[in-house]
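These numbers come from a predicted model, not from an experiment. These values consider heavy atoms only, across backbone and side chains, with no hydrogens, waters or symmetry-generated copies. Position 1 is the first residue of the sequence, and the numbers go up from there.
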Amino acid sequence: MAGCGSVLCCCCPRCCGERESRTPEELTILGETHEEEDEILPRKDYESLDYDRCINDPYLEVLESVDNKKARRYEAVKWVMVFAIGVCTGLVGLFVDFFVRLFTQLKFRVVQNSVEECTEKGCLALSLLELLGFNLTFVFLASLLVLIQPVAAGSGIPEIKCYLNGVKVPGVVRLRTVVCKAMGVLFSVAGGLFVGKEGPMIHSGAVVGAGLPQFQSISLRKIQFNFPYFRSDRDKRDFVSAGAAAGVAAAFGAPIGGTLFSLEEGSSFWNQGLTWKVLFCSMAATFTLNFFRSGIQFGSWGSFQLPGLLNFGEFKCSESDKKCHLWTAVDLGIFILMGIVGGLLGATFNCLNKRLAKYRMRNVHPKPKLVRVLESLLVSLTTTVVVFVASMVLGECRQMSSTSHSGNGTLSLQGMSEDVNSSIKTFFCPNETYNDMATLFFNPQESAILQLFHQDGTFSPVTLSLFFLLYFLLSCWTYGISVPSGLFVPSLLCGAAFGRLVANLLKSYIGLDHIYSGTFALIGAAAFLGGVVRMTISLTVILIESTNEITYGLPIMITLMVAKWTGDFFNKGIYDIHVNLRGVPLLEWETEVEMDKLRASDIMEPNLTYVYPHTRIQSLVSILRTTVHHAFPVVTENRGNEREFMKGNQLISNNIKFKKSSILTRAGEQRKRSQSMKSYPSSELRNMCDEHITTEEPPEKEDLLQQMLERRYTPYPNLYPDQSPSEEWTMEERFRPLTFHGLILRSQLVTLLVRGVCYSESQSSASQPRLSHAEMLEDYPRYPDIHDLDLTLLNPRMIVDVTPYMNPSPFAVSPNTHVSQVFNLFRTMGLRHLPVVNAVGEIVGIITRHNLTHEFLQARLRQHYQTI
């Protein structure tokens with residue numbers, strides 16, 4: 001079979017034909033897929049976070065020592081940490097904004113002076129080379145930072161969404177990530193790429209939230225503090241939620257929108273206390289950034305004039321125009337149509353970007369890292385040339401009646417705000433006129449958005465159309481290259497140009513003089529952004545807070561809903577698309593109604609790797625080294641002696657028969673699955689589909705411990721079926737009844753081995769050393785690896801009693817539980833492993849995140865239909 005698809009295929013047509021004839025559900029069950037398959041199945045190497053508390057003996061000892069005073073102290077420390085996260089996130093935003101503004105002003109000042117001189121001398125090519133020099137240098141530095149930490153590429157929102165959903169994404173919340181992210185995004189934005197700094201701010205805030213409460217970092221190993229709090233995934237994910245919300249608040253000046261973003265975009269477990277902390281963190285980030293930006297730019301410390309990195313300005317009609325209204329009820333119909341168009345444009349954007357991302361995965365990422373840098377430089381080169389040529393050739397020189405000169409190549413328009421005045425460019429145009437295309441292209445993106453929102457009668461329909469088309473294509477090409485890049489601002493700018501174009505057409509050709517162009521630009525921005533990212537609640541509040549105009553609430557909400565519904569008809573949002581491309585097993589809010597035809601027994605994994613309450617070190621090391629599971633059921637064997645109860649008692653006999661007919665067993669479930677999958681061309685599945693085998697029940701041993709010790713060499717299910725030593729076993733021997741006692745994590749087992757927690761066969765288990773809760777969590781979050789363990793320090797004959805450290809009361813479900821109930825329990829409680837236990841306490845399977853993904857459930861549902 002290994003030769004299929006190669007030269008050997010011609011020698012084995014039967015094998016190759018057999019492989020190519022497999023159905024999608026067969027490929028799903030076997031964990032395979034074709035390269036040309038459009039759908040990418042979730043990868044198995046992603047793990048869930050341990051959000052559920054492990055209620056073991058060390059944890060109970062901590063609970064016994066906790067009183068109200070310690071509980072209040074713990075809560076107070078939590079509030080202090082939340083405030084510190086907000087302040088630090090605001091400072092990160094200040095750092096990014098300061099240097100982006102510094103580098104951008106330097107670049108535009110040099111290029112602008114060169115253009116003014118070369119317009120008369122005819123040396124515009126030199127101006128273009130200067131602009132290319134700046135942009136290529138900045139983009140090259142941004143690409144180098146991504147080479148240092150690859151997870152710093154992109155906006156980071158898909159990764160943080162996965163983390164809040166309960167998926168452990170490697171390296172996503174490391175200190176090195178936030179350093180490369182913050183420095184890389186300022187070079188990307190300053191380098192003229194069509195990217196924003198708002199998305200990376202969300203990622204940066206999340207990293208600050210994850211790392212600050214730990215008071216240690218793997219990048220700074222020598223700097224460590226003895227800080228005993230928040231040593232669990234549960235606490236870390238709460239702080240990541242607060243940090244992500246603070247990032248949104250710092251980016252848009254929208255603390256309430258940031259709180260809703262953290263809630264809407266993935267956080268599974270939520271409560272009122274967490275809501276207050278997240279909102280407090282968002283407020284701290286907003287006002288920290290506002291305080292320092294207002295003081296640095298205006299010199300008025302404490303005035304709080306600049307709430308976020310992106311500010312939409314004040315929307316108001318001119319006092320001289322009595323017919324103007326911000327919006328009317330008649331405009332709602334136009335807004336709905338704009339929402340439909342925005343959804344279509346967003347779906348087109350996502351479709352093109354998905355194809356580009358797949359192309360990069362196949363043709364760019366497998367090649368040397370230098371190729372990624374070259375791609376980024378190619379995008380920067382193309383963007384710079386397009387911007388320069390479009391401003392020189394496609395821009396229109398337009399004249400405004402009320403004008404006054406302000407020098408430096410700009411033209412002030414009376415009646416406009418100072419920010420809008422300072423960003424009007426006169427490139428390549430004679431006196432008393434300005435270049436409308438250069439005004440959009442040769443400005444920071446935030447200034448271009450303000451131009452579209454607040455300039456009246458400035459841009460021609462041709463300019464807006466060309467600007468939208470160029471920006472749409474270049475921003476679609478840019479998102480996904482190896483630089484830190486956000487998508488919010490490019491989407492807002494594209495949508496604002498679209499909305500402004502609609503307003504111009506309505507004014508010029510239909511004669512609707514009452515409309516306010518800024519409102520239509522805002523609605524267009526909301527429609528396009530909603531069509532791309534498919535956010536509703538949080539995005540509505542973010543835009544309302546950014547405009548500081550509550551009357552826009554209804555049109556923005558309606559537009560976003562229509563755009564989302566329209567776009568969802570064709571594909572998913574851009575962040576969900578990139579999550580799927582990475583193969584992350586993301587869990588949606590709920591399952592489809594059709595999935596309730598399945599039960600827990602249909603989706604669970606019955607082939608378990610387990611440990612006994614008392615297990616030799618030799619067996620534990622073998623299990624940990626030959627499997628990749630992160631949790632193991634702690635079980636004892638349950639050999640039935642039911643014949644003794646059936647003597648002369650009809651009632652008990654009937655009850656025993658009912659038990660045998662109604663209780664699901666691992667062997668029975670596996671036999672049923674094997675019979676339903678006999679048609680699948682897999683040697684692994686065929687080995688489990690042998691004829692019905694009768695079993696002999698061995699006599700029950702009196703000493704349970706002795707029985708477990710004698711079975712210490714029992715082979716466990718092997719990762720490689722062709723090497724499995726248990727092929728001669730019967731189904732009942734392979735899937736023997738196991739009484740469930742609890743769950744123990746891989747990290748806990750490795751910690752016990754590293755610290756020598758064991759006892760000899762001649763001693764009692766009471767002589768085993770005991771570890772405290774702090775000692776168990778001392779190595780969090782990077783526990784030792786079993787392959788780094790020095791086996792010469794361990795006596796393989798020693799026995800480990802795992803019962804004090806296992807979780808004796810994890811969440812569990814019955815085999816007959818419907819999938820919707822299993823899904824809701826798993827997602828809302830933030831579980832990592834969910835045992836399936838039958839009515840007599842026997843574990844029959846286990847459910848993980850991968851068993852609840854949409855693709856896995858669809859495959860099981862198709863199999864269910866085939867067996868009906």
Side-chain angles (χ1 to χ4, degrees), residues 25 28-29 42 48-55 165-166 268-269 585-610 629-635 638 658-674 676-677 735 737-743 806-868:
E25 52 269 14
T28 302
I29 294 173
S48 298
L49 298 171
D50 288 318
Y51 200 70
D52 186 26
R53 287 193 179 96
C54 181
I55 314 294
N165 191 261
S268 301
F269 187 81
L586 195 74
L587 300 184
E588 301 295 337
W589 282 102
E590 57 187 8
T591 60
E592 299 174 358
V593 177
E594 192 179 20
M595 296 302 174
D596 253 354
K597 297 176 183 178
L598 300 175
R599 306 292 180 97
S601 58
D602 296 320
I603 65 172
M604 69 182 186
E605 175 53 57
N607 195 4
L608 301 177
T609 302
Y610 49 85
H629 306 308
H630 286 262
F632 304 93
V634 181
V635 302
N638 181 21
F658 171 77
K659 170 188 170 183
K660 285 192 169 185
S661 63
S662 63
I663 293 180
L664 177 71
T665 63
R666 297 170 64 228
E669 173 62 19
Q670 187 61 30
R671 183 183 296 109
K672 183 184 71 173
R673 291 193 184 189
S674 301
S676 67
M677 294 190 292
F735 297 94
L738 302 171
T739 300
F740 179 66
H741 298 284
L743 275 178
M806 71 181 183
N807 184 0
S809 55
F811 287 97
V813 294
S814 163
N816 295 320
T817 308
H818 288 276
V819 162
S820 62
Q821 296 172 293
V822 175
F823 187 92
N824 291 335
L825 175 64
F826 194 97
R827 192 189 193 283
T828 56
M829 300 312 299
L831 303 182
R832 189 176 184 180
H833 306 92
L834 183 60
V836 183
V837 182
N838 65 15
V840 293
E842 297 172 354
I843 184 169
V844 294
I846 197 164
I847 294 173
T848 64
R849 171 176 293 270
H850 300 280
N851 300 105
L852 294 172
T853 59
H854 178 74
E855 293 79 8
F856 186 89
L857 293 179
Q858 285 284 1
R860 289 298 187 210
L861 187 62
R862 287 192 291 266
Q863 183 183 344
H864 171 75
Y865 286 141
Q866 291 175 358
T867 56
I868 292 179

Is [X] reaching over with its side chain to a backbone N or O of [Y], donor-acceptor style, under 3.5 angstrom?
X      : Y      : result
Asp52  : Leu831 : no
Asn165 : Leu586 : no
Asn824 : Gln821 : no
Arg860 : Leu598 : no

Distance in Å, [X] [atom1] paired with [Y] [atom2], rounded so as to fall on 0.5 Å steps:
X      : Y      : atom1 : atom2 : answer
Glu605 : Ile846 : CD    : CD1   : 9.5 Å
His630 : Leu743 : NE2   : CG    : 14.0 Å
Asp602 : Asn851 : CG    : CG    : 11.5 Å
Asp596 : Ser820 : CG    : OG    : 3.0 Å

How close do [X] and [Y] get, heavy atom to heavy atom, and via which atoms?
X      : Y      : result
Tyr865 : Lys597 : OH-NZ, 2.7 Å
Thr853 : Pro585 : CG2-CB, 3.4 Å
Ala600 : Val822 : CB-CG2, 4.0 Å
Pro808 : Pro810 : C-CD, 3.4 Å

Check whether any side-chain heavy atom of [X] sits under 4.5 Å from a side-chain heavy atom of [Y], and report yes or no.
X      : Y      : result
Thr591 : His854 : no
Leu834 : Leu852 : no
Phe632 : Met806 : no

Query raised in the report: Does the pair Gln858 and Glu592 meet the rule for a side chain to side chain contact (heavy atoms under 4.5 Å, CB included), with working shown?
Result: CA-CA 10 Å; Gln858 285 284 1; Glu592 299 174 358; 3.7 Å; yes
